[in-house]
Amino acid sequence: MRTRLALTSAVVGAVLLTGGLTTAAQAGSAPIDTNTTTVAPITTAATTTSSGGYVRKDMYGASDPVVYSPWGEILRVLAVDENSYGHTWYAVRTPETHYGWIYCGNVTAGC
């Protein structure tokens with residue numbers, strides 16, 4: 001639990017320092033809720049290419065879509081995590097500065 005709290009705090013701090021949540025809110029997309037999500041932050045600038053799919057509010061296929069990411073779009077990877085079903089999802093930022101989660105099968109980085 002202490003590790004989860006420290007990890008979540010580190011992610012929140014990094015996102016706030018880079019202005020990520022402020023930008024997402026201004027762009028009209030839902031920010032990633034790091035208070036209820038355990039994430040593994042990416043420590044280097046990582047990107048992946050979309051295979052076509054929705055960037056969603058949470059790490060579930062039934063979650064509300066934030067924006068559709070077309071095939072070939074370059075996405076900035078912010079974190080990687082598994083949902084309660086064991087499915088891998090990527091926390092991403094689109095070129096239009098929308099933030100959310102995309103399923104691993106919808107990006108070239110894979111599962």
* Short question: side chain of Ser50, backbone of Ser69 - any donor-acceptor pair under 3.5 Å? -> yes
* Exercise: identify the closest heavy-atom pair between Asp58 and Trp89 -> O-CZ3, 4.2 Å
* **Contact check, side chains of Arg56 and Val66, non-hydrogen atoms, under 4.5 Å** => no
* Asked: Does the side chain of Ser63 reach to within under 4.5 Å of the side chain of Tyr54, using non-hydrogen atoms?
  -> no
* Would you indicate whether the side-chain heavy atoms of Thr88 and Val80 approach each other to under 4.5 Å? => yes
* Asked: Which disulfide bond (SG atoms under 2.5 Å apart) pairs, counting each pair once, include a residue from residues 60-111, with sequence neighbours left out?
  -> Cys104-Cys111
* To do: Taking the side chain as every heavy atom from C-beta outward, state whether Leu78 and Val92 have any atom pair closer than 4.5 Å.
  => no
* Structure fact -> With Met59 as partner, the option from Tyr90, Tyr103, Tyr85, Trp101 fulfilling side-chain contact (heavy atoms from CB on, under 4.5 Å) is Trp101
* **Between OG1 on residue Thr94 and OH on residue Tyr68, distance to nearest 0.5 Å** => 13.5 Å
* Asked: Any side-chain heavy atom of Thr49 sitting closer than 4.5 Å to one from Val107?
  -> no
* Asked: From Ile102 CD1 over to Glu73 CD, what is the distance, rounded to the nearest 0.5 angstrom?
  -> 8.5 Å
